[in-house]
Structures are given as structure tokens and as C-alpha cells.
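Structure first, then comments.
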Amino acid sequence: MDVFSKLGFEKLTESVLSRRGCSGKAFSHGSILGSLFFSYLCGGDCLEDINALIGQFRQRPGTLLPGADTVGRGLKELAEENIVYKSETSGRSYSFNTAEKLNTLLLRMIRRMGLIKAGSHVDLDFDHQFIPARKFDAKYSYRQDHGYFPGWASIGGIIVGGENRDGNTNVKFHHQDTLRRIMNRVTSELGVVIERFRADCGSFSKEIIQTVEQRCNTFYIRAANCGSRCGEFRQLEEWKSVEVNHEKCDVTSVSMDNLIEGKSYRLVVQRSPLKDKHGREQTDMFGVIYTYRCILTNNRTSTEKDIITFYNERGASEKNFDIQNNDFGRAHLPFSFMAENMVFMMVTAMLKNFYLHLVRHISEKVKPLKRTSRLKAFILHFVSVPAKWVRTGRRNVLNLYTNKAYYSEVFLE
């Protein structure tokens with residue numbers, strides 16, 4: 001709570017989201033965010049858990065935070081109208097929610113916490129995640145469930161932007177518009193240069209590649225395979241044997257000149273023998289059967305192994321989905337409509353970034369904690385301790401009943 005206050009999030013949220021209420025007596029947006037933040041940092045699993053913890057929060061002198069009902073109303077107030085795009089081929093309409101103000105607040109919080117330095121060159125990852133949700137406006141997806149299909153951008157473990165959309169939306173549908181908005185916002189608000197961009201085959205299209213190339217120095221996009229391309233790969237003869245992630249494979253590069261007129265890109269091709277359950281290589285009438293994977297890039301200088309290794313590291317950014325689902329409540333969306341649930345997802349993205357700042361700050365003194373520790377470790381080693389506020393010497397003193405000596409170092413400041 002002290003760290004939250006010292007960062008000045010109350011005034012920051014008011015500057016971006018405007019003042020809440022007209023009488024001056026309503027809980028501010030900063031208090032609403034704080035109540036939700038502290039609930040999840042103490043092990044809360046859903047919005048209603050705020051009510052079980054609010055009594056403990058108020059034991060901190062001078063602290064008054066809203067309950068779950070007020071937090072729910074406050075989050076709903078921040079919902080922005082959906083944008084509806086109509087498909088020219090099918091005639092169907094699909095809703096997107098861009099959450100412009102909350103995306104801006106997300107980045108300004110990152111800047112305030114110093115998680116990303118202005119002027120730095122960064123690697124931006126983008127991916128979509130299907131979130132099952134039996135909500136009023138959730139659409140039935142190819143994942144055979146109702147839900148939403150938001151896209152998220154991250155720099156390392158830091159979430160820097162996101163947009164929600166209908167669960168039945170094709171992954172490439174207006175994808176370039178989402179990336180344009182997010183990448184423009186990242187560069188303008190954070191003052192950084194997007195050095196490298198990584199994405200899966202959902203970003204493999206002419207329009208998306210053109211959008212990305214204008215906003216970064218180099219890009220690495222998983223290329224979608226097709227039967228004709230695999231036939232071309234079989235004709236290639238200049239393969240190099242390398243070891244990637246402790247597995248041997250063959251790699252080569254070819255030029256792709258027919259994707260965008262007047263442009264030539266590099267297609268890094270990786271092939272691995274297809275093996276049966278006993279580990280034996282499978283063959284057909286043409287010889288060994290290979291599995292091919294391709295990465296499209298405008299990087300002409302790095303080796304194939306370096307490009308493949310760098311691309312494979314984007315798996316670390318996909319860990320954000322697991323963290324958001326299991327640590328910060330995304331698996332239990334509280335509202336009935338997409339726009340309102342997007343507010344909740346954006347606020348929990350801010351919470352995740354705040355947690356990164358907090359655990360880096362505390363791990364310097366709390367030795368069992370690491371900068372990469374998950375929320376469970378934070379709760380076990382820092383939050384879970386018997387304590388009592390005692391009034392002595394005309395001031396409030398927090399008595400901790402524990403043999404964990406590092407608490408004295410934390411609270412000395």
C-alpha cells in the first residue's frame with residue numbers, strides 16, 4: 001500500500017480517467033484500483049473476495065477502501081463503446097473493444113514505475129488468447145466454447161497493451177488495426193524504439209506485415225505452411241545441421257518475393273524428422289518424412305540458428321496468459337458484457353505490472369523471494385504473517401509475530 005501511494009497512482013488515474021463523481025465524496029478511480037490490487041495480492045480469487053479482506057485493509061491507519069460492489073460499479077463506469085467491423089466477404093459483423101483510455105493509463109503506469117526506460121530499444125511480442133466465458137454477449141468459437149478472443153502485447157513479462165474482440169472472430173480479421181493502435185501507443189507513450197517484433201502465424205498476412213514493418217526495425221513472424229510450399233522445401237539441397245533446444249535439425253534460408261509487390265523477405269526454414277512413438281524416423285517412397293517450420297523475417301544478417309532461437313524465446317511472453325488466468329483473476333471474469341470485462345482485464349494487466357515492480361522492490365530485502373517469483377511465493381513469504389496494530393507512544397506500531405527477520409528491514413524505510 002505504501003508503494004502504491006508513493007507512486008502517485010491516485011493522481012495519475014485521475015489525470016487519465018478524469019475525476020469520479022461530482023461531490024468529491026465518491027471513491028476515486030485510484031481507490032477502486034487499489035482495493036482490487038490489494039485483494040489479489042493477498043490471495044483473492046475473484047472480485048467478491050475484496051469483501052473478505054476489506055476489514056484487514058482498513059486496519060492500516062488512514063486507509064479507507066471501497067468494497068466489492070463499489071469496485072464493480074467503478075469498473076463498469078470505465079467501459080468504452082465497442083467498435084463494430086463488418087466483413088466484406090461474409091457480411092458478418094464483429095465487435096472489438098480497444099479500451100483507449102485504459103491502454104494509455106497502463107503505459108503511463110509503466111513509465112511511472114520505471115519498468116521500461118525511455119529511449120530504450122525493446123522486443124515486442126503479440127499473441128491472442130481465447131478466454132472461455134459464459135457471458136451474455138460471448139460468441140461461440142472454433143474452440144468449441146463461448147468466450148472472448150483478446151490480443152495482448154508484451155515486452156518481456158510486462159504487458160503493454162491489449163484489445164478484446166468477439167470469440168468467433170478470425171485471428172487475422174482487422175489484426176493490422178489492433179497492432180497499429182498498440183504499437184503507435186507504445187512508442188509515443190513510453191518513448192521507446194521497437195527493435196524486434198515477434199508473433200505467431202496469426203500475424204502472417206500482407207496487411208499485417210506491412211503495418212508491423214513500418215513500426216519496428218526487424219520482425220519475426222511464424223509463416224503458415226501449405227502443401228505447395230512443403231513440396232518446394234523438399235527440392236532444396238543446401239541444408240545445414242544445427243542443434244536448437246538440445247534437438248538436432250536442419251535449417252536453410254530462401255527468399256520470398258511474391259508476398260508483397262516490390263518486397264523481398266527471408267524465409268528461415270527448419271526441418272525435423274517425423275518420428276513414431278518408439279523414436280524411429282518415419283519414411284515414405286521419397287525418403288525421410290520431415291516436419292517443416294518457417295519464420296518470415298527482414299533480418300538478412302543473423303544465422304538461421306540465432307533467428308530460430310530468438311523466435312522460440314517468445315514462449316516466455318505466453319507465460320503471461322497463465323499468470324493472468326491463475327494469479328490475477330482472468331479465469332473468473334466478473335461482468336456480463338465484453339466492454340466491461342475488458343476493463344477488468346486491463347486493470348488486472350496493470351496489477352500484474354505493479355506486482356512486477358513490487359516484487360523487485362521487496363525481493364532485495366526478502367531473500368526467499370526472487371524477481372521472477374509467482375504470486376503464491378509472494379503471499380507465502382511476505383503476506384502471510386500474524387500481526388497486530390498497537391497504539392503506543394501516541395503512534396501506531398505494527399507488531400509482527402514471526403521469526404522472519406527480514407520484515408524489520410522492509411519496514412525500517
Side-chain angles (χ1 to χ4, degrees), residues 45-48 72-73 75-103 106 125-154 159-183 185 199-208 211 221-222 224 317-318 320-350 352:
D45 197 40
C46 59
L47 202 63
E48 288 73 19
R73 287 196 303 273
L75 295 180
K76 285 182 178 182
E77 292 168 5
L78 298 175
E80 298 180 23
E81 290 292 326
N82 295 333
I83 298 174
V84 179
Y85 292 113
K86 188 173 182 179
S87 172
E88 295 179 358
T89 53
S90 68
R92 294 181 179 178
S93 296
Y94 301 93
S95 296
F96 283 58
N97 192 274
T98 60
E100 291 282 349
K101 286 187 177 181
L102 290 171
N103 269 292
L106 175 76
D125 296 306
F126 187 86
D127 203 358
H128 287 94
Q129 175 200 22
F130 178 75
I131 300 180
R134 295 281 175 160
K135 304 299 179 180
F136 183 81
D137 61 352
K139 299 294 193 297
Y140 191 75
S141 165
Y142 74 97
R143 297 289 185 92
Q144 299 180 345
D145 203 351
H146 290 79
Y148 305 122
F149 200 19
W152 296 98
S154 62
I159 302 173
V160 295
E163 290 191 4
N164 203 357
R165 56 189 195 155
D166 285 334
N168 62 343
T169 311
N170 183 285
V171 69
K172 295 178 183 177
F173 184 70
H174 281 269
H175 183 15
Q176 67 274 14
D177 294 323
T178 294
L179 286 174
R180 173 179 49 78
R181 286 187 288 262
I182 289 176
M183 295 177 82
R185 210 182 289 117
D200 63 12
C201 57
S203 299
F204 184 72
S205 79
K206 174 182 175 181
E207 295 79 13
I208 297 169
T211 299
I221 296 174
R222 176 71 73 190
S317 69
E318 293 177 353
N320 280 331
F321 296 153
D322 174 59
I323 293 172
Q324 293 304 104
N325 288 342
N326 296 303
D327 291 359
F328 300 121
R330 196 179 287 174
H332 305 285
L333 298 178
F335 305 123
S336 298
F337 298 96
M338 181 170 72
E340 297 167 353
N341 283 316
M342 185 56 187
V343 174
F344 179 79
M345 285 190 278
M346 287 300 305
V347 170
T348 53
M350 298 172 198
K352 200 265 183 175

4.5 Å side-chain heavy-atom contact, L47 and F335
yes
Could you check whether any side-chain heavy atom of K76 comes within less than 4.5 Å of a side-chain heavy atom of V343, counting everything from C-beta outward?
no
Applying side-chain contact (heavy atoms from CB on, under 4.5 Å) to F337 and N82, what does each step give before you reach the verdict?
CA-CA 10 Å; F337 298 96; N82 295 333; over 6 Å; no
Any side-chain heavy-atom pair from L102 and M350 closer than 4.5 angstrom?
yes
Can you check whether N170's main-chain N or O pairs, donor with acceptor, with R165's side chain at less than 3.5 Å?
yes
Taking every heavy atom of A99 against every heavy atom of M346, the minimum-distance pair comes out as CB-CG, 4.1 Å
With distance as the sole test, does N103 use its side chain to make a donor-acceptor pair with the main-chain N or O of T98 at under 3.5 Å?
yes
Heavy-atom nearest pair, G91 first then K86, reads O-CE, 3.2 Å
Do I83 and H174 have side-chain heavy atoms sitting under 4.5 Å apart?
no
To the nearest 0.5 Å, what is the distance between CZ on F149 and CD on Q129?
9.5 Å
Check for a donor-acceptor pair, side chain of D137 on one end and backbone N or O of M338 on the other, with a separation under 3.5 Å.
yes
I need the E77 CD to E340 CD distance, nearest 0.5 Å.
11.0 Å
Minimum side-chain heavy-atom gap C201-I221 below 4.5 Å
no
N/O donor-acceptor pair under 3.5 Å between N97 side chain and A339 backbone:
no
Can you sort out the partners of D200 under salt bridge (charged side-chain N to carboxylate O under 4.0 Å, His left out), two or more places apart, ordered by chain and number?
none
Do K135 side-chain atoms and L333 backbone N/O form a donor-acceptor pair below 3.5 Å?
yes
Is the F126-H128 ring centre distance short of 6.0 angstrom?
yes
Using a 3.5 Å distance criterion without hydrogens, assess whether the side chain of Q324 forms a donor-acceptor pair with backbone atoms of T348.
yes
Check E100 with R185, please: is the shortest side-chain N to carboxylate O separation under 4.0 Å?
yes
W152 and I182, any side-chain heavy atoms less than 4.5 Å apart
no
Distance-minimising heavy-atom pair for S203 and I208:
O-CG2, 3.3 Å
K101, NZ atom: more than 12 neighbouring heavy atoms under 6.0 Å:
no
State the CZ-CZ distance between F344 and F328, to the nearest 0.5 angstrom.
11.0 Å
Minimum heavy-atom separation for V84 to S93, with atom names?
CG1-CB, 3.7 Å
The reported gap from NZ in K206 to CD in Q176 (rounded to nearest 0.5 angstrom) is 11.5 Å
Let me confirm one number: the CZ-CG distance from R330 to N320, rounded to the nearest 0.5 Å.
8.0 Å
Minimum-distance pair of heavy atoms, taken over all atoms of G147 and A138
N-CB, 3.6 Å
Between the CD1 atom in I131 and the CG atom in N325, the distance rounded to the nearest 0.5 Å is 6.0 Å
Residues which pass ring pair (Phe, Tyr, Trp, His ring centres under 6.0 Å) with F96, listed by chain and number, not counting sequence neighbours
Y85
For the student: nearest non-hydrogen atoms of S90 and Y94, plus distance
OG-OH, 4.2 Å
